[in-house]
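Since we're looking at a predicted model, the values are computed, not measured.
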Amino acid sequence: LVPHSHDDTGWLVTVDQYYFHEVFYIIETVVDQLLKDKNRRFIYVEVAFFARWWEEQPEERRNATRTLVNEGRLEFINGGWCMHDE
């Protein structure tokens with residue numbers, strides 16, 4: 001069982017509101033927890049939010065995240081800006 005994201009981009013609130021009030025903290029927590037435990041895995045879907053988070057990160061944090069991706073512990077699926085509901 002691999003946990004994954006499904007963060008709607010602009011469904012009930014604006015994209016900015018959702019990012020700053022919830023999604024930012026979700027990504028931060030996921031990356032932190034993956035770095036703490038090599039047995040954990042996570043699938044991220046909403047590239048729109050991740051790209052925004054990525055642009056705000058210092059190089060050290062980006063490098064740590066790259067390591068997670070290279071190790072297969074953080075994976076991106078769907079290939080889209082957000083996950084469809086179908």
Side-chain angles (χ1 to χ4, degrees):
L1 180 62
V2 179
H4 71 279
S5 63
H6 184 101
D7 302 318
D8 290 309
T9 48
W11 179 44
L12 295 176
V13 296
T14 69
V15 172
D16 287 342
Q17 288 170 319
Y18 200 37
Y19 176 77
F20 288 115
H21 294 149
E22 299 194 30
V23 177
F24 172 83
Y25 300 104
I26 292 169
I27 299 171
E28 285 286 300
T29 301
V30 164
V31 170
D32 287 343
Q33 294 306 309
L34 291 174
L35 291 170
K36 287 180 183 177
D37 186 345
K38 288 190 177 272
N39 294 312
R40 291 184 173 160
R41 307 280 184 269
F42 194 85
I43 294 172
Y44 202 82
V45 180
E46 295 75 29
V47 175
F49 287 127
F50 192 86
R52 188 171 190 170
W53 176 85
W54 180 262
E55 290 300 318
E56 298 173 353
Q57 300 310 301
E59 195 61 30
E60 181 178 323
R61 185 74 159 171
R62 287 182 181 195
N63 288 335
T65 305
R66 282 185 188 104
T67 299
L68 295 173
V69 172
N70 290 337
E71 292 176 350
R73 296 169 45 212
L74 177 60
E75 185 176 353
F76 297 92
I77 62 166
N78 191 36
W81 212 230
C82 63
M83 178 186 276
H84 53 79
D85 288 327
E86 287 80 37

Exercise. If we only count heavy atoms from C-beta on, is the Ile27 to Gln57 side-chain gap below 4.5 Å?
Worked result: no
Problem set entry | Distance-minimising heavy-atom pair for Leu74 and Tyr44 | CD1-CB, 4.3 Å
Problem set entry | Flag, side chain of Gln17 to backbone of Thr14, donor-acceptor distance under 3.5 Å | yes
Exercise. Taking only residues two or more places apart in sequence, or in another chain, which ones meet Glu71 in a side-chain hydrogen bond (donor to acceptor under 3.5 Å, both in side chains)?
Worked result: Arg73
For this session: Run through Val31, Ile26, Val23 and flag the one making a side-chain contact (heavy atoms from CB on, under 4.5 Å) with Trp53.
Result: Val31
Exercise. Salt bridge check: are Arg40 and Asp32 linked by an N-O gap of less than 4.0 Å?
Worked result: no
Exercise. OH of Tyr18 to CZ of Phe24: how many Å apart, nearest 0.5 Å?
Worked result: 15.5 Å
Exercise. Relative to the ring of Tyr19, is the ring of Phe49 parallel (under 30°), tilted (30 to 60°) or perpendicular (over 60°)?
Worked result: parallel
Problem set entry | Intermediate values then yes/no, side chain to side chain contact (heavy atoms under 4.5 Å, CB included), Phe50 and Thr65 | CA-CA 11 Å; Phe50 192 86; Thr65 305; 3.8 Å; yes
Exercise. For the residue pair Arg62 and Glu55, what are the closest heavy atoms and their distance?
Worked result: NH2-CA, 3.5 Å
For this session: Report the residues that fulfil salt bridge (Lys or Arg N to Asp or Glu O under 4.0 Å) with Glu59, sequence neighbours left out, ordered by chain and then residue number.
Result: Arg66
Problem set entry | Crowding at CZ, Phe20 (>12 non-hydrogen neighbours, <6.0 Å) | yes
For this session: Could you please spell out the steps behind the side chain to side chain contact (heavy atoms under 4.5 Å, CB included) verdict for Glu28 and Arg61?
Result: CA-CA 10 Å; Glu28 285 286 300; Arg61 185 74 159 171; 3.4 Å; yes
